[in-house]
Amino acid sequence: MSKTQTIIIFLLSFLSFSCKSEGTGGMGKYKVDESLKKEVERNIGDMNGFPVGSLELKIYENDVLTFDNFGDDEKGELLFMTSYQGDTMCIIGFAGFTVALGFYLDLYGDNYELTYMVKSDAEIYKYNEDDERASYKLSVPCSYTSCILTSKPTFTKGDVVSGVVELKSNDFWDLANGRKNKYRVELKAYFQASEVDFGL
């Protein structure tokens, strides 16, 4: 199996997600700033024909900062899955495969909704410590969000949307390896997304 086929299969696995966030997302009116275009382009790469975005993260574990690449030259890489649900453009930006993190971004009209996303192949995540059941994925509400686009979307198939999103997630819980840890994340991501025809 080629690397491209592997990427396609993994991207299609995200179709099991609803773009609409399960929690309360950070909502507001997105901004359009055409002067941001060159900065976004500098932070977008290519992987076998798929756009690859740039990711900056701060990860807090039990209120202690354990990872920070904000401002570093070496940024994380993001892949994207884009679809339409009615008049809403749904973008999932993610890093990782078996265990993934990233964001859900819904665009509709002049508005956006943004949440932080975590996914695993095991049921290890909870919104709250005392939740009865854990889940293999969460759409985590945020205390702060921002969405700036380089141009206004047309909301038609083939539309390429690019920009930068920022968020600060609420706390969530991770039960991996029999431990119970509280996390929250700050994220900044440069993205370029469009609906892809895989020819399947």
Side-chain angles (χ1 to χ4, degrees), residues 10-11 13-31 43 52-72 75-83 85 88-108 111-129 131 133-149 161 163-176 180-193:
F10 182 73
L11 288 173
S13 74
F14 273 88
L15 289 173
S16 63
F17 285 87
S18 170
C19 283
K20 291 294 185 182
S21 54
E22 297 170 5
T24 301
M27 302 173 68
K29 292 190 177 296
Y30 57 77
K31 297 178 181 178
N43 284 280
V52 178
S54 296
L55 176 67
E56 298 181 28
L57 279 174
K58 289 183 181 179
I59 299 176
Y60 296 85
E61 181 180 326
N62 300 318
D63 298 320
V64 176
L65 181 64
T66 58
F67 180 84
D68 181 2
N69 74 338
F70 264 72
D72 289 356
K75 296 178 173 63
E77 294 184 337
L78 279 176
L79 294 175
F80 307 102
M81 186 72 194
T82 305
S83 64
Q85 294 183 3
T88 299
M89 185 178 193
C90 308
I91 300 169
I92 303 172
F94 61 94
F97 288 87
T98 303
V99 177
L101 57 83
F103 64 85
Y104 291 120
L105 174 64
D106 292 344
L107 299 171
Y108 49 95
N111 305 297
Y112 77 91
E113 184 170 357
L114 179 66
T115 57
Y116 179 67
M117 177 272 292
V118 286
K119 175 186 176 293
S120 174
D121 58 356
E123 294 180 335
I124 60 172
Y125 299 119
K126 290 184 175 184
Y127 289 108
N128 304 293
E129 183 179 11
D131 287 348
R133 294 192 60 184
S135 173
Y136 72 93
K137 64 180 177 71
L138 292 181
S139 176
V140 183
C142 298
S143 61
Y144 168 81
T145 63
S146 171
C147 177
I148 305 175
L149 307 179
V161 177
V164 58
V165 292
E166 296 185 60
L167 63 78
K168 295 180 181 180
S169 81
N170 291 353
D171 293 340
F172 63 97
W173 293 82
D174 184 323
L175 311 181
K180 187 185 294 185
N181 292 304
K182 181 177 70 173
Y183 285 91
R184 73 178 186 277
V185 170
E186 296 179 25
L187 174 152
K188 180 178 182 179
Y190 293 91
F191 69 93
Q192 182 184 86

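For clarity, every value in this text was computed on a predicted model and none was experimentally measured. Counting from 1, the numbers follow the sequence of the chain as shown.
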From [X] [atom1] over to [Y] [atom2], what is the distance, rounded to the nearest 0.5 angstrom?
X	Y	atom1	atom2	value
F70	K188	CZ	NZ	7.0 Å
Y190	E56	OH	CD	6.0 Å
M117	S139	CE	OG	9.0 Å
F94	L78	CZ	CG	8.5 Å
L114	Y144	CG	OH	10.0 Å
C147	K31	SG	NZ	10.5 Å

Going by heavy atoms in the side chains, are [X] and [Y] under 4.5 Å from each other?
X	Y	result
K75	L55	no
W173	K180	yes
F103	V165	yes

Point to revise | From L138, T145, L187, residue fulfilling side chain to side chain contact (heavy atoms under 4.5 Å, CB included) relative to Y116 | key: L187

Point to revise | Exercise: do E61 and Y183 side chains pair donor with acceptor under 3.5 Å | key: yes

Exercise for review: Please test D174 against N181 for side chain to side chain donor-acceptor pair (under 3.5 Å), starting from the C-alpha separation and ending with a verdict.
Suggested key: CA-CA 5 Å; D174 184 323; N181 292 304; 6.0 Å; no

